[in-house]
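Per chain, numbering begins at 1; letters A, B, ... match sequence-line order.
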There are 2 protein chains.
Amino acid sequence: MTDASRERAVGRRRPRQSDIARVAGVSQAAVSLILRGTPSGMALARETRQRVLDAAEELGYVPDPVATRLASARNAMLGLYTFSTTFPTDVAHSYYPVLAGVEEEAAAQGQDLILFTGSARAAARAQDPAAVRRVRVADGCLFFGRHVPEEPIRRLVEDGFPFVYIGRRDEPGVPYVGADYVPASAQVVARLVAAGHRKIRYLREHDQAPASADREEGVLKGAREAGLDTRGLVAPTDGADADALLGGWLAEGVTAVVVEQTDTGAALAGLGAAVGRAGLDCPGDLSLAVLGAATGTRGRAPGGGAAFSGFDVPMREMGRDAVRLLLELIAGSPGAATRRLLPCEPVEGGTIAAPRPPKKHT
Amino acid sequence: MTDASRERAVGRRRPRQSDIARVAGVSQAAVSLILRGTPSGMALARETRQRVLDAAEELGYVPDPVATRLASARNAMLGLYTFSTTFPTDVAHSYYPVLAGVEEEAAAQGQDLILFTGSARAAARAQDPAAVRRVRVADGCLFFGRHVPEEPIRRLVEDGFPFVYIGRRDEPGVPYVGADYVPASAQVVARLVAAGHRKIRYLREHDQAPASADREEGVLKGAREAGLDTRGLVAPTDGADADALLGGWLAEGVTAVVVEQTDTGAALAGLGAAVGRAGLDCPGDLSLAVLGAATGTRGRAPGGGAAFSGFDVPMREMGRDAVRLLLELIAGSPGAATRRLLPCEPVEGGTIAAPRPPKKHT
DNA sequence: CTGAAAGCGCTTACAG
DNA sequence: CTGAAAGCGCTTACAG
């Protein structure tokens, strides 16, 4: 068989190890050993190795990740499963920087990413274990999203499949990388108090997620530490009732509002609009603070060009660190804790000022 | 061996078809047939099938996706190779909707996406053929990006690897899904002419990409068809010299400017700023048209709140169609043409008006 | 130092 | 109608 006819015989089909073996005149197993650079592979005759390497190059060989994985080795592929579309229609979607961080670190670590298209449909009937189960084609998987099917995840835990949540989770034993909202939120309240505010309100969305629970906990903690009255402090909203809420608060003498910023941005958008309609100046008439905008995607205060005061969520870093943790889990050697909370950077911003009328400082 | 001890022997390990086979007293292959509900599976004795189904249920069997994919010779994984980071830092990056379309269609077709991260960067700084070759782990691959290494791609063509470009390409034989810029651009000129403009300029970026070439071709075509003088019509810019260009044009009596919108948005941004600095009203003093903003991410005209007149690039649809075409290629049965141009939807917008002073219409 | 064999968990022809 | 066999493309012991 000539080289030419041999190549033709291989045809359109992807080259595999046995093709290389035939060309190089060695066994298929030897090809595997040599290509992977294992000790036993390196021990083979230098000239043999070169022949194999050349043949692989010439044929354009690339290992089949599925076969590799089945034969129980590593893929160098990390899964990314978002419980919603990965590329949301809303371009400014708040969790985007997380994905950028994931991609960045994966690239740095030489890992490719498999996007498990959580077919909007699958999310709806998300209890379908098969949908989640296919993440096994990767060495490990990152999960991301507020609404998470519990049952399929539990199975993954049982099977010992390595995965990491992006965002804190309540379920015991589940590794995650989240943001440390409690102290960050408490500190925002402390700043308001330091500026002279005593009548504060916290506007949060109607949403049950660990991130929301943590922010509220932090706000309450901050209020208590400052000796503030926490009755009526927390006000859930969907954004539509902002005018009424704002009106009531002004009448009560509220001078500062803390707002939760989440995916939808509904609470902040609603309040911002209400402030505008009421013709209020921020921070002149009312101080505002926002809990958790993504770094670099912060909004602007109503009317002014000032950035919101509050803190940033280290989304990019969360993505990066989640990749690192996942890789540690895959290697079987989690270096540090497997449940991590990253600090949120305070943002000075320009929406906090002393309350009007200015209180005389003692 | 009792049933109990057998079950214990199976232990923590996930149940597989051979376990079911043992319990139900049939062959492993029969289990596969029955579980998959194939014709041959359905043909088996009703009672036998029930026994297998029961055993599967009892053991909590779920098929291993890795093995399934290996055996069925399809990975159900499509590559997505972007010649830059997939998740760009700039959230408003213009090609984002394409990715959304890709994800959407992939999900609908039950395909997962492999993001080639590390390799992308390596390819960029090395023209490293090995980097691009890695895409062969997928069943096929989508390529996307302006700056594309040619050599590795040629290699893929030779090997018969299925792939599709998103965006028109000049290389013969390369399948693509692009936008039909020529007629869309010509039509924009026609609209300007219909509004009474005779002195028009086309501002394009310094960039050699098929998309840019097509737009220019369309503008020239439109101008010729309207009997306009095409000398001096086209002006390349990097955005920095906008003031000078604008000044010159006004002196010449130019009443309308067509601008190319690309990734960077430099041309449009530069001109918009210049118009603002000159204190001009748009479209009162100058009509503007933009060639190719992504649907839903259009900018706003300087000063006013009006959307730019021009056309939309059907980015989302390009992404979707590229997935469809790729799947056809993988199946070996391209239904329609393998080089497709999708129509661009005209955008009425609010930046085209009759030139001032109004010309008397004959 | 080298090669042949078994196995990962499935699917799919192909004999009885 | 049913079952045993081969094969998907790899890895990893294990003989020579």
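The distance from the OH atom of B:Tyr165 to the CG atom of B:Leu325 is 14.0 Å, given to the nearest 0.5 Å.
Every residue meeting the side-chain hydrogen bond (donor to acceptor under 3.5 Å, both in side chains) condition with B:Arg168, not counting sequence neighbours, appears here in chain and number order: B:Asp170, B:Asp214. Residues passing the salt bridge (Lys or Arg N to Asp or Glu O under 4.0 Å) test with A:Arg154 are A:Glu151, sequence neighbours excluded. With sequence neighbours excluded, the residues satisfying side chain to side chain contact (heavy atoms under 4.5 Å, CB included) with A:Ile330 are A:Arg74, A:Leu78, A:Asp139, A:Pro162, A:Leu326, A:Leu327. Remark: A:Ser18 pairs with A:Arg16 by the side-chain hydrogen bond (donor to acceptor under 3.5 Å, both in side chains) rule, at least two apart or across chains. Residues meeting the ring pair (Phe, Tyr, Trp, His ring centres under 6.0 Å) test with B:Phe163, sequence neighbours left out: B:Phe143. For B:Ala138, the side chain to side chain contact (heavy atoms under 4.5 Å, CB included) partners at least two apart in sequence or on another chain are B:Ile114. With sequence neighbours left out, B:Ala29 forms a side chain to side chain contact (heavy atoms under 4.5 Å, CB included) with B:Ser27. Residues forming a side chain to side chain contact (heavy atoms under 4.5 Å, CB included) with A:Arg324 (at least two apart in sequence, or on another chain): A:Glu105, A:Gln109, A:Glu317, A:Arg320, A:Asp321.
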Interface polar pairs with nucleotides 14-16 of chain D, N/O, under 3.5 angstrom:
none

Sub-3.5 Å pairs of nitrogen or oxygen atoms, protein against nucleotides 6-9 of chain D:
residue	atom	partner	partner atom	Å
D:dC8	O2	B:Ala71	N	3.3
D:dG9	OP2	A:Arg16	NH1	2.7

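For A:Arg36 and D:dT12, the shortest distance from a side-chain N or O to OP1 or OP2 is below 4.0 Å. For B:Ser32 and C:dC10, the shortest distance from a side-chain N or O to OP1 or OP2 is not below 4.0 Å.
We find that CD1 of B:Ile34 is positioned 12 Å from C1' of D:dC1, with the value rounded to whole Å. A straight line from CZ of B:Arg46 to P of D:dC1 spans 15 Å, rounded to a whole angstrom. Distance B:Leu33 CG to C:dT11 P: 9 Å, rounded to the nearest Å. Computed from coordinates, the A:Met77 CE to D:dC10 C1' distance equals 13 Å when rounded to whole Å.
Consecutive Watson-Crick or G-U pairs involving DNA chain C, each under 3.5 Å on both distances, make up stems of three or more pairs at C:1-3 with D:14-16, C:5-12 with D:5-12, C:14-16 with D:1-3.
Across all strands shown, A:Ala30 has no heavy atoms under 4.0 Å from either base or sugar-phosphate atoms.
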For residues 49-56 of chain B, which side-chain donor-acceptor pairs fall under 3.5 Å, sequence neighbours excluded?
residue	atom	partner	partner atom	Å
B:Gln50	NE2	B:Asp54	OD1	3.0
B:Arg51	NH1	B:Ala24	O	2.5

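Between B:Arg69 and B:Met77, some side-chain heavy-atom pair lies under the 4.5 Å cut-off.
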